[in-house]
There are 2 protein chains.
Amino acid sequence: MAVTLAEVAAACNVSTSTVSRALTDPEKVNAETRTRIERVARQLGYAPSRAGRSLVSGRTDTVGLVVPDIANPFFPPIIKSVQARARDKRYAVLIADTDEHVADELELARGLSRQVDGLILASPRTAPAELTRLAQQLPVVFVNREVEGAGSVVIDENEGMQEAVEHLVSLGHRRITYLAGPRRSWSNQQRRDALSKACADNDVELRELGPFEPQIQAGMRAADLLQSSEVAAAIAYDDLIALGVMSRLTERGMQVGREISVIGIDDSPLSTVTHPMLTSIHVPAAELGSAAVDLLLNQLHDDETPTTTVKLETRLVIRGSTGIPPENLR
Amino acid sequence: MAVTLAEVAAACNVSTSTVSRALTDPEKVNAETRTRIERVARQLGYAPSRAGRSLVSGRTDTVGLVVPDIANPFFPPIIKSVQARARDKRYAVLIADTDEHVADELELARGLSRQVDGLILASPRTAPAELTRLAQQLPVVFVNREVEGAGSVVIDENEGMQEAVEHLVSLGHRRITYLAGPRRSWSNQQRRDALSKACADNDVELRELGPFEPQIQAGMRAADLLQSSEVAAAIAYDDLIALGVMSRLTERGMQVGREISVIGIDDSPLSTVTHPMLTSIHVPAAELGSAAVDLLLNQLHDDETPTTTVKLETRLVIRGSTGIPPENLR
DNA sequence: CTGAAAGCGCTTACAG
DNA sequence: CTGAAAGCGCTTACAG
């Protein structure tokens with residue numbers, strides 16, 4: 001077994017109380033004693049038992065993170081920044097992946113809730129009332145979704161959408177198809193609303209196809225639907241769908257960026273792998289994660305439930321997948 | 001606070017011992033009492049405190065997983081399968097991402113070691129002696145690396161490499177360039193050796209460029225080096241490098257699959273996003289993860305340190321990025 | 001089959 | 001500034 005407080009105490013000829021204090025609240029201990037204890041503790045390789053500490057403190061120093069799909073490139077940067085920030089603050093991170101199964105989301109969150117001080121749910125799809133109830137049971141912060149009675153960190157897609165529509169309009173497009181994300185996705189609604197507004201402002205006709213799951217395969221399906229329509233510009237719910245569209249269209253001999261323009265959302269690293277590269281609305285994923293941790297830790301330490309919503313800006317990153325539409329489709 | 005054993009006991013008019021037994025070792029309790037306790041526990045929403053249980057059992061029911069880079073699409077499937085298998089066995093998973101910083105690897109592993117029963121290290125780059133020492137301190141299973149004195153799950157790249165080289169030879173290639181991975185990477189050595197052997201067997205000339213980090217950007221750098229060489233076939237250390245190569249070559253106007261053939265390793269979902277799609281050596285990522293969990297849990301329960309090495313097969317998946325070389329480069 | 005008691009490793013009032 | 005004692009929530013021999 002590992003070295004215990006008692007062993008350190010014995011080696012120092014002091015009580016466990018003193019060792020405990022020396023290590024957690026150094027002020028309260030005589031400087032000499034403290035140095036001696038610190039030295040011995042180091043020599044023995046002492047590390048406090050999480051279980052012991054947790055039992056008395058009631059805290060776990062761990063936060064839980066629930067994501068829909070680690071394999072979706074949108075989430076790794078968020079996970080990374082959550083971990084980095086949590087680590088800075090001496091918290092461990094327990095991760096659960098729902099594999100896009102909405103039904104498991106709440107169950108996984110509840111499962112984690114026994115072992116963590118607070119929870120971060122990224123892009124949850126569970127019904128709002130359930131989320132509000134969850135947030136009443138323990139500190140929870142939502143990423144990519146606003147929930148009544150809980151803190152959240154969301155994206156303001158308006159700016160990016162406005163830029164995207166203006167960009168297409170400046171190229172000569174007058175019609176845009178939205179390739180919708182999952183029906184019950186909160187951010188799908190946000191994105192659709194933002195796009196809808198931007199189109200109205202710019203006098204652009206908006207159509208819609210979908211819903212599509214945020215996966216490359218679904219994008220390929222979208223491509224075929226898109227090709228049989230009369231629209232030369234598409235904005236997809238996310239990069240994966242956009243990439244699937246591009247891949248499939250290219251395979252079918254179309255020139256993306258010339259015959260058809262495609263815009264994604266997320267600006268994931270993948271946007272630069274394809275040829276042409278994908279024009280995409282940039283989402284500050286890393287900030288999403290660290291802001292969520294900050295919000296959660298505030299809540300843990302202040303012991304109140306702030307319903308703050310942090311909003312992060314988006315902007316368009318123009319690459320090769322958008323261009324002037326063919327004559328007949330202007 | 002949450003409901004405790006004592007509260008359940010009080011509500012049932014029995015001792016905490018009995019409640020504890022009823023819930024963990026039902027055989028030992030009178031059937032009627034047990035049912036009553038179970039019902040009350042459920043009504044009260046009782047869930048055992050991990051800390052309390054952990055303190056007496058000495059176990060945490062948690063395993064740690066250290067990966068070099070969650071954002072590398074090779075790892076998410078492994079993480080997912082580790083989580084799924086661990087969850088089946090009632091273990092939680094604590095994840096740490098080293099961000100490709102070799103120096104942090106051991107530190108993160110040691111940090112986790114206080115809070116877990118065992119550790120899985122995926123594609124570690126730390127020196128062998130250190131890894132062996134770590135494995136002496138707690139149960140550890142290595143993925144993608146063989147370590148003396150510890151269990152590991154690795155890939156046998158021979159089969160896939162052999163197929164890859166034969167495939168290129170059958171198309172008419174006589175020269176292949178290996179785009180090497182990180183210098184100290186164990187699997188880079190394995191892959192190079194397998195390729196080297198396959199080339200010798202097939203009388204193919206082997207060249208090498210690199211090392212390259214497993215990232216798309218590095219692949220773009222590789223592309224430029226490759227283009228100025230006289231070789232029409234490249235096998236990359238992984239898909240990311242291969243994708244970077246393709247992206248950059250396409251951008252520079254070359255026809256991948258005709259003027260130059262590119263093969264990746266991992267067969268990640270990205271292989272199908274590009275055009276042409278990437279020919280790649282398939283690695284059974286999901287099995288890598290679940291086999292690692294199985295090995296680790298065996299070790300935890302048997303309390304011995306098996307040095308078993310599980311080897312998983314690879315095979316070539318042919319797509320559009322490989323083809324007949326130009327006349328002058330056969 | 002059940003209960004009282006000890007103990008896992010720690011922290012924290014309470015005395016001194 | 002330091003120590004003895006109680007207690008966090010649980011499990012597990014030990015009696016009965």
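Every chain is numbered from 1 and lettered A, B, ... according to where its sequence line falls, protein lines coming before strand lines.
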### Donor-acceptor contact present, side-chain A:T24 to main-chain A:S20, <3.5 Å
yes

### Message
Within the 4.5 Å heavy-atom criterion, are A:V82 and A:Y91 side-chain neighbours or not?
### Response
no

### Message
Rounded at 0.5 Å granularity, tell me how far CZ in A:R184 sits from CD in A:Q189.
### Response
11.0 Å

## Note on the structure
note: A:D61, atom CG; C:dC10, atom C1'; distance rounded to Å ~ 13 Å

## Note on the structure
Atom CZ of B:R59 and atom P of D:dG9 are separated, to the nearest Å, by 20 Å

### Message
Nearest whole Å is fine: how far is D:dA4 C1' from A:L5 CG?
### Response
15 Å

### Query
Hey, what do you get for CD (A:E105) to OG1 (A:T126), rounding to the nearest 0.5 Å?
3.5 Å

#### Entry: Rounded distance [0.5 Å steps], CG in A:L121 versus CG in A:N144
12.0 Å

#### Entry: Those residues that, when tested against B:E213, pass side-chain hydrogen bond (donor to acceptor under 3.5 Å, both in side chains) (two or more places apart)
none

### Message
Nearest 0.5 Å, please: how far is CD1 in B:I78 from CD in B:Q83?
### Response
12.5 Å

### Summary
Residues B:R125 and B:P182: closest non-hydrogen pair is NH2-CG, 3.4 Å

### Query
Side chains of B:R145 and B:P128: does their closest heavy-atom pair fall under 4.5 Å?
yes

### Task
Check DNA chain D against residues 47-57 of chain A and give the residues with a non-hydrogen atom under 4.0 Å, in numerical order.
A:L55, A:V56

### Query
If a stem is a run of at least 3 consecutive Watson-Crick or G-U pairs, both distances under 3.5 Å, which stems include DNA chain C?
C:1-3 with D:14-16, C:5-12 with D:5-12, C:14-16 with D:1-3

### Task
Please list, by residue number, the residues of residues 15-23 of chain A whose heavy atoms come closer than 4.0 Å to an atom of DNA chain C; answer none if no residue qualifies.
A:S17, A:S20, A:R21

#### Entry: Close approaches to DNA chain C from residues 29-37 of chain A, in residue order (heavy atom, under 4.0 Å)
none

### Task
Measure the spacing between CD of A:Q136 and CG of A:L131 and express it to the nearest 0.5 Å.
11.0 Å

### Message
Taking the side chain as everything from C-beta on, heavy atoms only, tell me whether A:S49 gets closer than 4.5 Å to B:L55.
### Response
yes

### Spacing of B:R114 atom CZ relative to C:dG9 atom P, expressed in whole Å
14 Å

### Query
Heavy atoms, side chains only, cut-off 4.5 Å: are A:I79 and A:L65 in contact?
yes

### Message
Please list all pairs meeting salt bridge (Lys or Arg N to Asp or Glu O under 4.0 Å) that have one or both residues in residues 26-42 of chain B, counting only residues at least two apart or in different chains.
### Response
B:D25-B:K28

#### Entry: B:K28 NZ to C:dT2 P, straight-line distance once rounded to whole Å
13 Å

